[in-house]
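Working notes, structure below.
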Protein chains: 2
Amino acid sequence: MAEAKAFHAHDHTGCRGAALAHAEAVARDKGLRFTPVRRRALEILLEEHRALGAYDVLERLSADGFGAQPPVAYRALEFLVEHGFAHRIRRLNAFTACAHPGDAHAPAFFICESCDSVAEAPAEPVLTALRKEAAHIGFTVSRMNIEAVGTCPACAAGSPA
Amino acid sequence: MAEAKAFHAHDHTGCRGAALAHAEAVARDKGLRFTPVRRRALEILLEEHRALGAYDVLERLSADGFGAQPPVAYRALEFLVEHGFAHRIRRLNAFTACAHPGDAHAPAFFICESCDSVAEAPAEPVLTALRKEAAHIGFTVSRMNIEAVGTCPACAAGSPA
DNA sequence: CATCTCTTGTTATGTTATTACATTTCTATT
DNA sequence: AATAGAAATGTAATAACATAACAAGAGATG
Ligand SMILES: [Zn+2]
Ligand SMILES: [Zn+2]
Ligand SMILES: [Zn+2]
Ligand SMILES: [Zn+2]
């Protein structure tokens with residue numbers, strides 16, 4: 001339950017701060033360059049537990065004085081995804097901040113079709129089932145996307161977020 | 001093993017014929033209009049166990065005398081997906097013929113990054129695991145996408161398809 | 001036949017993503 | 001500190017994917 005912050009009231013300021021701090025720490029450890037655009041892009045994604053399109057992010061970045069062309073956003077987002085600070089949701093052509101930074105994780109995304117919130121939950125059992133299927137057919141999985149569309153608890157209860 | 005035809009030599013003519021026959025039968029049963037464009041679109045997808053972009057399909061359709069504008073392809077593909085004759089692979093922005101027509105199924109897709117073949121495997125266990133995860137967070141799953149990228153057995157063995 | 005619905009086709013436009021290249025910033029080495 | 005190489009940023013241009021809106025045709029229903 002603590003696993004799906006998107007669907008419940010929570011200390012989101014802490015949530016955001018922790019993610020940012022984590023990213024900073026990892027960057028220091030691994031010698032990554034957590035530059036201003038990249039940092040700002042992550043902050044933008046962290047504002048809500050939703051997924052933002054690259055162009056949405058771009059708009060905000062350029063409003064903040066960064067470049068105004070698509071590669072500016074795509075590159076920053078690519079960096080975040082590459083290092084596990086964000087995830088790409090293919091179903092939405094969008095990106096979302098990682099909600100479980102630090103844990104090595106195989107995330108599953110639960111997308112509410114009525115309020116657009118996106119929850120990330122650890123999905124080891126799902127991954128296990130998938131790898132088993134893959135093993136049957138001799139396939140080696142290197143990356144995967146697990147995305148479910150449906151209804152979040154708030155919307156199911158009649159009080160969309 | 002029989003489940004991942006894309007990765008093994010098989011009677012693909014039969015494979016294709018069966019899928020087409022199945023679509024025809026379902027259309028008859030359900031009173032759907034399996035029109036020439038729709039049929040041709042399915043044939044095109046059935047040519048290989050790969051995923052084709054809408055514009056690839058469009059190109060072939062228009063070469064065959066059908067309309068040359070995007071909606072022609074998108075509509076035919078939408079019809080096929082809607083009725084379970086094809087699937088959309090979000091990761092690739094592409095479509096592939098259903099490899100297990102008839103079975104009510106929750107498919108997982110295994111995409112080989114070296115030869116581009118796409119295998120579809122039944123993924124009920126994966127869906128079950130996913131639903132369980134969803135239940136934890138109070139989410140109701142209505143649809144899901146499970147897409148894995150990796151290496152198919154042929155490519156792993158050094159003989160790309 | 002009249003009518004209604006579904007399907008097809010076209011034009012136009014919107015949205016998402018990448019390529020290519022110039023410039024700047026950082027890092028490492030001298 | 002100077003400098004060479006690598007990484008990051010910025011821009012312009014374009015490619016790739018997708019939908020909206022509307023007119024015309026084909027099929028079903030009375
Ligand atoms: Zn939060
Ligand atoms: Zn995550
Ligand atoms: Zn086949
Ligand atoms: Zn299928």
Side-chain angles (χ1 to χ4, degrees), chain A residues 23-24 27-42 44-45 50-83 85-96 111 116 145 147, chain B residues 23 27-42 44-45 50-83 85-96 111 116 145 147 149:
Chain A
E24 229 134 55
R28 223 177 358 256
D29 281 12
K30 299 209 252 172
L32 305 176
R33 291 169 61 182
F34 195 42
T35 62
V37 227
R38 290 168 175 178
R39 187 194 163 92
R40 186 76 194 101
L42 181 54
I44 290 166
L45 291 183
R50 293 203 306 114
L52 293 182
Y55 281 76
D56 297 324
V57 173
L58 176 59
E59 198 177 330
R60 322 252 337 237
L61 287 176
S62 73
D64 290 347
F66 296 101
Q69 304 306 318
V72 169
Y74 280 100
R75 286 193 289 229
L77 292 166
E78 179 185 48
F79 170 89
L80 297 175
V81 169
E82 188 178 347
H83 295 98
F85 306 142
H87 299 288
R88 186 170 195 159
I89 315 267
R90 317 285 325 196
R91 173 120 207 166
L92 302 175
N93 294 322
F95 299 82
T96 192
I111 305 164
D116 290 324
N145 293 89
E147 302 171 2
Chain B
R28 222 176 1 255
D29 281 11
K30 298 210 250 171
L32 307 176
R33 291 169 63 184
F34 195 42
T35 62
V37 228
R38 292 168 174 177
R39 186 193 164 92
R40 187 75 194 100
L42 180 54
I44 290 166
L45 291 183
R50 293 203 305 116
L52 292 182
Y55 280 74
D56 297 325
V57 172
L58 176 59
E59 198 176 331
R60 324 249 340 233
L61 287 175
S62 74
D64 289 348
F66 297 102
Q69 305 308 317
V72 169
Y74 281 100
R75 286 194 288 230
L77 292 166
E78 179 184 46
F79 170 88
L80 297 175
V81 169
E82 188 178 346
H83 295 97
F85 306 143
H87 299 287
R88 185 170 196 158
I89 314 276
R90 320 267 348 180
R91 176 121 204 163
L92 303 175
N93 294 321
F95 300 82
T96 191
I111 305 163
D116 291 325
N145 293 90
E147 302 170 3
V149 175

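Naming: A, B, ... by sequence-line order, numbering from 1 per chain.
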Whole angstrom value for the distance that separates C1' of dG27(D) from CG of Leu32(B): 15 Å
Between dT7(C) (C1') and Phe66(B) (CZ): distance, integer Å: 13 Å
Distance, rounded to the nearest Å, where His83(B) contributes NE2 and dC6(C) contributes P: 12 Å
Where Val37(A) and Ala76(A) come nearest, the two heavy atoms and their spacing: O-CB, 4.3 Å
Distance in angstrom units between Arg38(A) CZ and dA7(D) P, rounded: 11 Å
Leu61(A) CG - dT11(D) C1' separation (whole Å): 15 Å
Under-4.0 Å side-chain N/O to phosphate OP1/OP2 contact, Arg33(B) with dA28(D): no
Heavy-atom pair of closest approach, residues Phe85(A) and Leu42(A): O-CD1, 3.7 Å
Backbone N/O of Leu61(A) and side chain of Arg40(A): donor-acceptor pair under 3.5 Å: no
Side-chain N,O (Thr35(A)) to OP1/OP2 (dT25(C)) below 4.0 Å: no
Arg90(A)-Asn145(A) side chain donor-acceptor pair, cut-off 3.5 Å: no
Ile111(A) versus Glu147(A), closest heavy-atom pair with distance: CD1-CB, 4.5 Å
Could you go over nucleotides 13-21 of chain D and give all protein N or O partners under 3.5 Å, atom names and distances?
residue : atom : partner  : partner atom : Å
dA18(D) : OP1  : Arg88(B) : NH2          : 2.9
dA18(D) : OP2  : Tyr74(B) : OH           : 3.0
dA18(D) : O5'  : Tyr74(B) : OH           : 3.3
dA18(D) : N7   : Tyr55(B) : OH           : 2.6
dA18(D) : N6   : Tyr55(B) : OH           : 3.4

d(CD, Glu78(B); P, dC6(C)) in whole Å: 14 Å
Backbone N/O of Gly67(A) and side chain of Ser62(A): donor-acceptor pair under 3.5 Å: no
Spacing of Arg39(B) atom CZ relative to dT8(C) atom P, expressed in whole Å: 14 Å
Length of the line joining Glu59(A):CD and dT15(C):C1', which is rounded to integer Å: 13 Å
